[in-house]
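Okay, so here's the structure we're looking at.
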Amino acid sequence: MKILIASPEVVPFAKTGGLADVAGALPKALKELRHDVRVILPKYRMVDAVKYGLSKIYDGIKVPVGGKIELADIYEASIPGTKVPVYFIANDKYFGRDNLYQNKGVDYPDNCERFTFYSRAVLEFLKRSGWKPDIINANDWQSALIIMYLKTLYKDDPFFTHISTVYSIHNMGYQGTFPAEQIKMTSLGWEYFNSGSLEFYGKIALTKAGFVYADVINTVSPQYSHEIQTQEFGHGLEGLIQSRSKDVYGIVNGIDYELWNPAFDPYIVKKYDRRTISQKAENKSALQKKNGLPHVDVPLIGIISRLADQKGFDILAEDIENIMHLNLQFVLLGTGEPKYHELFLEMKKKYPEHIGVNLGFDAALAQLIYAGSDMFLMPSRYEPCGLGQLISYKYGTVPIVRMTGGLADTVTDGKTGFVFEEYSASALHDAIKRAIEAYKDKKKWKDLMARDMGLDYSWNASAKKYVELYEKALDKSLVKV
Ligand code: ADP
C-alpha cells in the first residue's frame, strides 16, 4: 500500500506530545511490513535541517489560502535510521516561529490560516510530485482539512480519485475551533457552515473536517473509541461520532523500543535490562542528586506531563500537601498552565527534600526520570492512550494511573500497576499509598518490575492493526465507486 501520514508533529523533528511519538514510530513499523509509507509535516523553525539532512526538492508551489496565493517550498529527509521519506512544507511566514501552535500559552491568532495552508499544500505537493497514495492518514485537527478537500474542492480532479482517508484523533479536547468568518481562509464556501459540516456552536471546528468526511475514523485506544461517543468525553462531538460509530475504531499506540529502551538509552546513567534490573538503582541515585533529593531508600514517583487539568493536576494539587507528608520522593518534569508552575515551585520551597521540580520540556531528562523512578504517576481525568505508562513499563517503573481511556486498556490493578477509578484526590491518595505499601516487599516489587519490563507494547502488533484499518478504508471507498 502507498500510505501518506500527515501529522503536525513527528519525532524526532518536532514534538509537543504523544502524537509526535506515534507519527515517528508508526511509519517505521509500516515500512517493516513493506508498505510504501511517507510522512509530511510543516517545517517549523525547531526542525534541525542540518542534523537531519533536509534538502529542498520543490520551490514555490502555489497554495491558495483565504483568497490569496501563498508559496510552499518542499524539503525532504527521512526518519533517522530508516528509508521512510519525510516531507516538510516550508513557508517562513507561517512556520518560522519559536513554537508549533502557541506562544507563552496563547494560541497563535492565525492558526486556522497556518494549518489551512499546510493541509492544502499537502495536496498541491502530491499533485506536483505525481506520487499518489492509496491512503491518506490525517492526524488531529491540524491536518483534517486534507480529508475534506479531497471530498470537496479536489473531488473532480482525476489525480485525487480513489484515495481513501483515515482520520486519527489523538485527543478530542483539541478541536481547532475558530471564529466563523475564518472559514474564508479555507476557500470552502459558507455552504459548509452548517452542523453537518464545519459549523460547531456558531464557530468552525476543523476537527469536523475529519470526522464528517473520512472513510474511517480511529482513536488511540479501544476504550477511548467508546468514551468519545459519550457526553462526558465527546467534547460536544459525541452525537456526530455516534452517527459514524460503524466506522470508528481504537488501536493502542505502540512504543518505539529503539528510542525507549533502558538497555541502549544514551541519556541514562547506567544501562540495564530485565536481567540486570538492580542497576536501575544507579539511575535513581543520579536522579535524586540532580533534583537535590537526599539519597535514601524511599519510593520515588516520577511524573512527566503537560501541566493541564486533563492530566489530573487539579486532584493532584488538592492532595499534594498530604502526599508530601508520605514517606516518598517526587520528581516532576512538565510545562503548561502557570497556576501549576507556581504550585510546584511553592512545593519545592516548602518540601525541598521531598520534591524535585523541573519546569520545561526536556527529552533527555525525561529518559532519566523514566529510568530513575520507582513509580510513574498519571492521574488523568481523561487519557486517549497515554504513552508514559507504556514507556514506564519498559524501564521497570510501575505506573499508578486513573482508570480511563488507554490507561484502562493497558494497566491492570495489582498485576502491572496501581489503578484508581474515581476522579478524586482521595482515590488518588489511596492508590499512592497502596503502591508505597507494595514497595516495602522488595521481592514482590522486583517481580512486578520484571513483569512490566517483559510486556510487549512495541509497534509490531499495532502497525498490523493500522494496516487492517487502511484495508477497511480502501474497501469503503471501493463500495462507493
Ligand atoms: P499527551 O500527548 O497528551 O501529552 P502522552 O502520554 O500521549 O500525552 O505523550 C506524552 C509524551 O510527551 C511522552 O513521550 C512524554 O514522555 C513526553 N513529555 C511530556 N511532557 C514532557 C516534558 N516536559 N519534557 C519531555 N517530555 C515530555
Side-chain angles (χ1 to χ4, degrees), residues 7-12 14-26 46 99-102 105 139-142 168-174 219-221 223-224 227-228 233 235 250-262 265 267-268 287 290-291 302-313 331-337 340-341 344 356-373 376-395 397 399-402 404-411 457 459 462:
S7 170
E9 41 188 275
V10 181
V11 159
K15 165 166 172 173
T16 70
L19 166 58
D21 294 296
V22 176
L26 171 62
M46 72 159 68
N99 300 302
L100 272 58
Y101 316 124
Q102 48 176 237
N139 291 271
D140 283 358
W141 68 265
Q142 295 91 333
S168 299
I169 185 78
H170 298 258
N171 191 331
M172 289 298 293
Y174 299 87
T219 70
V220 288
S221 68
Q223 174 77 15
Y224 194 59
E227 288 173 351
I228 63 174
F233 298 102
H235 295 263
I251 302 176
V252 172
N253 290 331
I255 294 293
D256 184 345
Y257 288 141
E258 281 170 23
L259 297 178
W260 299 105
N261 195 332
D265 193 325
Y267 295 108
I268 68 178
L287 185 62
K290 208 175 169 86
N291 283 273
I303 189 162
I304 304 172
S305 179
R306 290 185 287 114
L307 302 181
D309 286 342
Q310 179 216 327
K311 297 293 183 179
F313 284 99
V331 170
L332 171 121
L333 168 62
T335 171
E337 290 181 33
Y340 295 127
H341 285 221
F344 287 114
V357 175
N358 307 274
L359 300 174
F361 195 95
D362 185 338
L365 177 59
Q367 290 177 235
L368 183 63
I369 295 177
Y370 284 118
S373 305
F376 192 81
L377 181 62
M378 298 178 78
S380 305
R381 177 186 287 275
Y382 73 93
E383 193 61 72
C385 176
L387 294 176
Q389 81 281 22
L390 306 180
I391 298 171
S392 292
Y393 280 154
K394 189 68 184 175
Y395 284 78
T397 301
I400 305 171
V401 307
R402 178 158 177 268
T404 182
L407 298 173
D409 281 330
T410 58
V411 185
Y457 281 98
W459 267 102
S462 298

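In each ligand, atom 1 is the first atom listed, and ligand 1 is the first ligand listed. What you see below is based on every heavy atom in this structure, not just the backbone, and it leaves out hydrogens, waters and symmetry mates.
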For Tyr267, does the OH atom have more than 12 heavy-atom neighbours from other residues, nucleotides or ligands under 6.0 Å away? no
Going by the atom numbers of ligand 1, which of them fall below 4.0 Å from some non-hydrogen atom of Gly334? 23 (N)
Between Asp140 and His170 (side chain of the first, backbone of the second, donor and acceptor by atom type, cut-off under 3.5 Å), is there such a pair? yes
Does ligand 1 have a heavy atom under 4.0 Å from the side chain of Leu387, from its backbone, from both, or from neither? both
Please check whether Asp21 reaches ligand 1 - meaning an N/O of the residue sits under 3.5 Å from an N/O of the ligand, judged on distance alone. yes
Please could you name the atoms of ligand 1 that Gly388 approaches to less than 4.0 Å, counting only its heavy atoms? 6 (O)
Audit row: Tyr395, Asp265, side-chain hydrogen bond (donor to acceptor under 3.5 Å, both in side chains) steps and yes/no: CA-CA 10 Å; Tyr395 284 78; Asp265 193 325; 2.6 Å; yes
Quick test: of every protein heavy atom, which one is nearest to atom 18 (N) of ligand 1, and how far off is it to 0.1 Å? Ile304 CG2, 3.8 Å
Which of the listed options, Gly18, Ala366, Gly336, holds the heavy atom that is closest to atom 7 (O) of ligand 1? Gly18
Does a side-chain heavy-atom distance below 4.5 Å link Pro262 with Ile268? yes
Would you mind running through ligand 1 and noting each atom that sits below 4.0 Å from a heavy atom of Gly360? 22 (C), 23 (N)
Give the residue and atom name of whichever protein heavy atom lies nearest to atom 4 (O) of ligand 1, and the separation in Å to one decimal. Arg306 NE, 2.8 Å
Examine ligand 1 and decide if any of its atoms is less than 4.0 Å from a heavy atom belonging to Gln389. no
Neighbour count >12 (heavy atoms, 6.0 Å) for atom NZ, Lys15: yes
Any N or O of Lys311 that comes nearer than 3.5 Å to an N or O of ligand 1? yes
Polar contact flag for Met378 and ligand 1 (N/O pairs, less than 3.5 Å): no
When rounded to the nearest 0.5 angstrom, what distance separates CD1 in Ile304 from CG in Leu333? 5.5 Å
Atoms of ligand 1 less than 4.0 Å from Ser305 heavy atoms? 20 (N)
Would you mind finding which of Tyr174, Phe376, Phe361, Tyr382 brings a heavy atom closest to atom 21 (C) of ligand 1? Phe361
Test: Lys311 and Glu383 ion pair at under 4.0 Å: yes
To the nearest 0.5 angstrom, please state how far the CD atom of Gln102 sits from the OG1 atom of Thr16. 8.5 Å
Any N/O pair Tyr370/ligand 1 closer than 3.5 Å: yes
Can you tell me how the ring of Phe313 sits relative to the ring of Tyr340, calling it parallel under 30°, perpendicular over 60° and tilted otherwise? tilted
Is the cationic atom of Lys394 (NZ for Lys, CZ for Arg) positioned less than 6.0 Å from the six-membered ring centroid of Tyr457 and within 45 degrees of its normal? no
Answer yes or no: does an N/O atom from Gly17 fall short of 3.5 Å to an N/O atom of ligand 1? no
So, regarding Thr16 and ligand 1 (criterion: nitrogen or oxygen to nitrogen or oxygen, under 3.5 Å), is there a contact or not? no
State whether the shortest distance between N or O atoms of Trp260 and N or O atoms of ligand 1 falls below 3.5 angstrom. no
May I ask you to decide if Leu307's main-chain N or O and Ser305's side chain share a donor-acceptor pair within less than 3.5 Å? no
For atom 24 (N) of ligand 1, which protein heavy atom lies nearest, and how many Å away is it? Asp362 N, 3.0 Å
